[in-house]
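Working notes, structure below.
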Number of protein chains: 2
Amino acid sequence: MNDRAEKKAARATADQVARAANVSRVAVSRAFNPNASLKPEKRDRILKVARELNYTPDMAARSLVTGRSHLVGMIVPDVCSPWESQEIDALTTALQAEGFATLLFKVKADFSMDPRLLTYMRGFNPDSVIAFTENILPDVLCGFLDRAVPIYVIYDDVEQFAGAASGTLYDRLLVRQKNGIEQAVALLQGYGARRIAYLGGKAQSLANAERERTLKETLAERGMDAPIVLAGDYTYDTAYQATLDLFRVGDGADAIFAANDVGAFGAIDALRHELGLSVPEDVKVVGFDDIPQAHWKSYNLTTVRIDLEERVRALVRLILMRLRAPDAEPFTETLNTRLIVRGTVG
Amino acid sequence: MNDRAEKKAARATADQVARAANVSRVAVSRAFNPNASLKPEKRDRILKVARELNYTPDMAARSLVTGRSHLVGMIVPDVCSPWESQEIDALTTALQAEGFATLLFKVKADFSMDPRLLTYMRGFNPDSVIAFTENILPDVLCGFLDRAVPIYVIYDDVEQFAGAASGTLYDRLLVRQKNGIEQAVALLQGYGARRIAYLGGKAQSLANAERERTLKETLAERGMDAPIVLAGDYTYDTAYQATLDLFRVGDGADAIFAANDVGAFGAIDALRHELGLSVPEDVKVVGFDDIPQAHWKSYNLTTVRIDLEERVRALVRLILMRLRAPDAEPFTETLNTRLIVRGTVG
DNA sequence: GACAAAGATGAAAGCGTGTTCATTCTTGAT
DNA sequence: ATCAAGAATGAACACGCTTTCATCTTTGTC
């Protein structure tokens with residue numbers, strides 16, 4: 001209670017501001033609420049006094065009465081992953097501009113969801129939740145959050161996911177993988193690649209499943225052989241090892257399609273630094289995501305890109321719309337992918 | 001008020017749990033507070049009912065009365081930076097285990113501090129604040145946070161920083177750069193390097209200043225020439241360009257000391273892919289941080305490391321101690337650095 | 001079996017804010 | 001000058017929880 005007293009002394013309350021400005025406490029509240037009716041000059045005076053006293057409305061108290069926490073929860077398995085950190089950065093910036101703060105929760109790397117974490121998170125009463133863990137069905141999340149909090153799952157699939165969550169209505173941000181993959185396959189085919197390997201991401205990942213499925217479909221459409229599928233987990237080391245196995249134990253390949261850029265880096269390094277093969281002359285490599293490192297000269301990776309800014313804009317728009325109209329019909333946004341051509345194909 | 005009603009219907013309150021379990025609301029509160037006195041069987045019964053009703057204590061309400069938000073604010077300029085994302089990830093994991101959630105705030109990349117952001121952040125009443133922006137003096141932060149919230153600034157300097165914040169007492173986590181730099185210089189000298197360049201980080205960065213100062217000091221102690229100092233900003237692209245300039249406009253160097261690993265990557269790529277020089281034969285390169293990418297085969301970087309886990313453990317310990325004893329004397333922890341030898345020196 | 005000490009319990013007060021609702025003040029048209 | 005309509009105002013309540021305090025129950029000891 002010692003610190004309690006300190007804090008009380010340190011932080012000004014609306015009551016103190018009211019007394020100092022010779023107005024009622026209600027007026028102070030209104031001064032900080034733009035659409036409340038208050039004489040402009042009075043508002044200015046109150047805001048001035050508030051600034052002098054270094055006063056800020058207490059979000060906890062405000063949240064208690066309004067039901068809005070101005071907090072957006074993000075459930076993340078690995079902040080270190082370039083793709084995720086990129087996404088977190090952009091989302092936090094955009095949400096902050098709209099008055100929301102990011103509340104970060106980490107889940108285990110194996111994507112297993114700790115129920116206690118969800119319970120704990122709900123205690124903070126986030127206005128919205130963005131989940132980066134692609135294998136968590138929103139039903140699970142909805143159950144924990146009592147279906148009162150809008151949830152967005154960042155993933156790259158369409159039908160598969162919608163099916164898994166049948167019965168639950170929610171806003172969706174869809175990514176059409178087809179365009180980018182088609183462009184990549186056309187390019188590979190043009191350079192004469194015939195034996196294509198798909199270096200997978202996490203087995204449970206829906207994005208991975210959808211990328212693999214779309215690749216197979218596209219190859220079939222063009223009359224090419226089905227891809228050799230290698231297991232992976234989106235990490236550099238696993239991709240490195242898988243590539244070694246492909247060429248030492250297996251029969252190699254003309255081209256490698258990696259489920260993400262980091263995996264592509266692992267493949268490239270294995271080819272160049274351990275197998276003595278050159279990229280793109282001996283083996284062509286294509287990645288997914290277009291993370292910032294993809295343009296580094298050591299890799300200079302040709303990769304399928306989902307425009308980050310566009311995606312973040314769409315997601316923030318979805319979140320804000322849902323908060324303003326909680327009972328509106330579910331929205332759906334669809335984004336496209338395209339190939340970024342660099343030096344690892346031709 | 002529609003969503004309000006929904007939410008009310010969705011989230012159970014302590015009152016409802018109390019009624020369902022036939023106890024007083026106070027008992028429910030005690031059931032969730034481990035050190036409150038309550039008959040064990042009664043507690044179990046309450047917790048069981050709570051689970052059935054999917055009840056979680058509301059953190060906002062709890063925060064209001066206890067003065068503890070269980071929120072730790074993190075002020076971050078660039079989540080995408082491997083070093084920062086690494087640190088955020090580890091801190092979030094460790095704090096989460098102690099019952100704290102991470103509240104993320106982004107500041108502009110040029111490190112300029114938006115005062116409105118600080119005000120806004122204070123509204124959330126974080127129990128502690130960790131700032132990654134090395135050039136923000138804690139005085140500024142303290143002023144905004146009313147000196148009631150413990151603040152930790154992640155930086156790598158010692159005296160310089162302490163001087164800048166004279167008069168303010170605060171806990172400190174210090175990093176001794178000397179060890180790692182000395183090991184690196186010894187290694188470089190052993191391989192015959194004589195002309196050493198220092199590829200700087202952000203000009204305002206205290207970590208950068210301290211690394212540069214320590215490098216100069218170490219070179220002088222060993223009777224070596226002062227380093228050629230190049231301006232940088234911790235980014236790949238700037239490091240790349242600076243390295244080109246060093247060899248095309250300037251007279252080149254035997255070895256490059258980069259202020260961070262990402263900068264070292266830029267230097268290596270410029271040397272290998274544009275200047276036609278080989279690393280380490282023609283030019284040796286040393287980095288700072290030992291981020292995960294440093295072991296990727298394309299770089300295989302020799303670098304000075306501050307043990308992340310050790311650092312996070314120390315920081316979390318500091319935070320917890322300060323929260324338990326707000327009036328205790330300031331603590332100080334000091335960490336060491338050491339050289340991780342890989343393939344870019346000899 | 002009596003008594004003190006310790007533990008368990010619930011009523012009430014309060015944390016800092018937003019929001020009703022009834023009242024007062026202002027404005028502009030007649 | 002008068003009146004209605006609208007804007008501005010403040011008292012009171014509510015949000016969901018913890019904590020104090022006084023009361024009641026259990027436990028241990030001689």
Side-chain angles (χ1 to χ4, degrees), chain A residues 1-19 21-46 50 53-70 122-125 146 148, chain B residues 1-19 21-46 50 53-70 122-125 146 148:
Chain A
M1 67 187 67
N2 195 348
D3 50 316
R4 183 117 197 70
E6 268 183 36
K7 203 160 254 174
K8 209 177 157 187
R11 273 198 71 178
T13 145
D15 254 322
Q16 299 174 24
V17 175
R19 227 168 304 152
N22 243 331
V23 295
S24 78
R25 199 182 52 67
V26 184
V28 177
S29 170
R30 286 205 243 266
F32 279 88
N33 211 324
N35 44 3
S37 111
L38 189 68
K39 224 186 227 164
E41 54 194 47
K42 194 170 188 179
R43 160 169 289 141
D44 290 345
R45 187 158 51 93
I46 293 176
L53 290 178
N54 208 0
Y55 166 79
T56 317
D58 186 312
M59 288 306 216
R62 175 179 277 186
S63 156
L64 202 55
V65 47
T66 61
R68 290 261 135 97
S69 63
H70 287 258
R122 209 189 36 161
F124 287 101
N125 215 6
D146 291 328
Chain B
M1 67 185 67
N2 195 349
D3 48 316
R4 182 117 198 70
E6 267 182 38
K7 204 161 255 174
K8 209 177 158 188
R11 273 198 72 178
T13 145
D15 254 323
Q16 299 174 24
V17 175
R19 227 166 305 152
N22 246 330
V23 296
S24 76
R25 203 194 47 252
V26 183
V28 177
S29 171
R30 286 205 244 267
F32 281 89
N33 210 325
N35 43 2
S37 109
L38 188 69
K39 221 188 228 163
E41 54 194 49
K42 194 171 189 178
R43 160 169 290 141
D44 290 344
R45 187 158 51 92
I46 293 176
L53 290 177
N54 209 358
Y55 166 81
T56 317
D58 187 312
M59 287 307 216
R62 175 179 277 183
S63 156
L64 202 55
V65 47
T66 60
R68 291 259 135 98
S69 63
H70 287 258
R122 210 189 35 159
F124 287 100
N125 217 5
D146 292 328

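What you are looking at is a predicted structure, and each value in this text was computed from that prediction instead of being measured. Each chain gets a letter, A, B and so on, in the order its sequence line appears, and its residues count up from 1.
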Calculate the interatomic distance between [X] atom [atom1] and [N] atom [atom2]; express it in whole Å.
X	N	atom1	atom2	answer
A/R11	C/dC15	CZ	P	14 Å
A/I46	D/dA8	CD1	P	13 Å
A/Q16	C/dG16	CD	P	9 Å
B/E41	D/dT25	CD	C1'	13 Å
B/R122	C/dG16	CZ	P	13 Å
A/D15	C/dT17	CG	P	8 Å
A/L64	D/dG16	CG	P	7 Å
B/N35	D/dT20	CG	C1'	15 Å

Residue pairs fulfilling salt bridge (charged side-chain N to carboxylate O under 4.0 Å, His left out) with at least one residue in residues 21-36 of chain B, sequence neighbours excluded:
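Residue pairs passing salt bridge (charged side-chain N to carboxylate O under 4.0 Å, His left out), neighbours aside: B/D15-B/R25.
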About how many Å separate [atom2] of [Y] and [atom1] of [X], when rounded to the nearest 0.5 Å?
X	Y	atom1	atom2	value
B/S24	B/I46	OG	CD1	7.5 Å
B/T13	B/R19	OG1	CZ	8.0 Å
A/F124	B/S69	CZ	OG	7.5 Å

For A/R45 against A/A21, the heavy-atom pair lying closest together:
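Heavy atoms only, the tightest pair is NH1-O, 2.7 Å.
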Taking all non-hydrogen atoms of both residues, which atom of A/R43 and which atom of A/N33 are closest, and how far apart?
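In this case the closest contact between A/R43 and A/N33 is NH2-O, 3.3 Å.
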Heavy atoms under 4.0 Å is the rule here; annotate nucleotides 4-10 of chain C 5' to 3' with B where the base is hit, S where only the sugar-phosphate is, and - elsewhere.
----BBB
Return the set of residues passing side-chain hydrogen bond (donor to acceptor under 3.5 Å, both in side chains) with A/T56 (not counting sequence neighbours), or none when no residue passes.
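Scan of A/T56 (side-chain hydrogen bond (donor to acceptor under 3.5 Å, both in side chains), adjacent residues dropped) gives B/R122.
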Base, sugar-phosphate, or nothing: which does A/Y55 touch, judged by heavy atoms less than 4.0 Å apart?
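Here A/Y55 touches the backbone only, sparing every base.
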Answer yes or no: side-chain N or O of A/R25 and base N or O of D/dT9 forming a donor-acceptor pair under 3.5 Å.
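Check fails, no donor-acceptor contact within cut-off.
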[X] side-chain N/O to [N] phosphate OP1/OP2 under 4.0 Å:
X	N	answer
B/T13	D/dG16	no
B/S29	D/dC17	no
B/N125	C/dC15	no

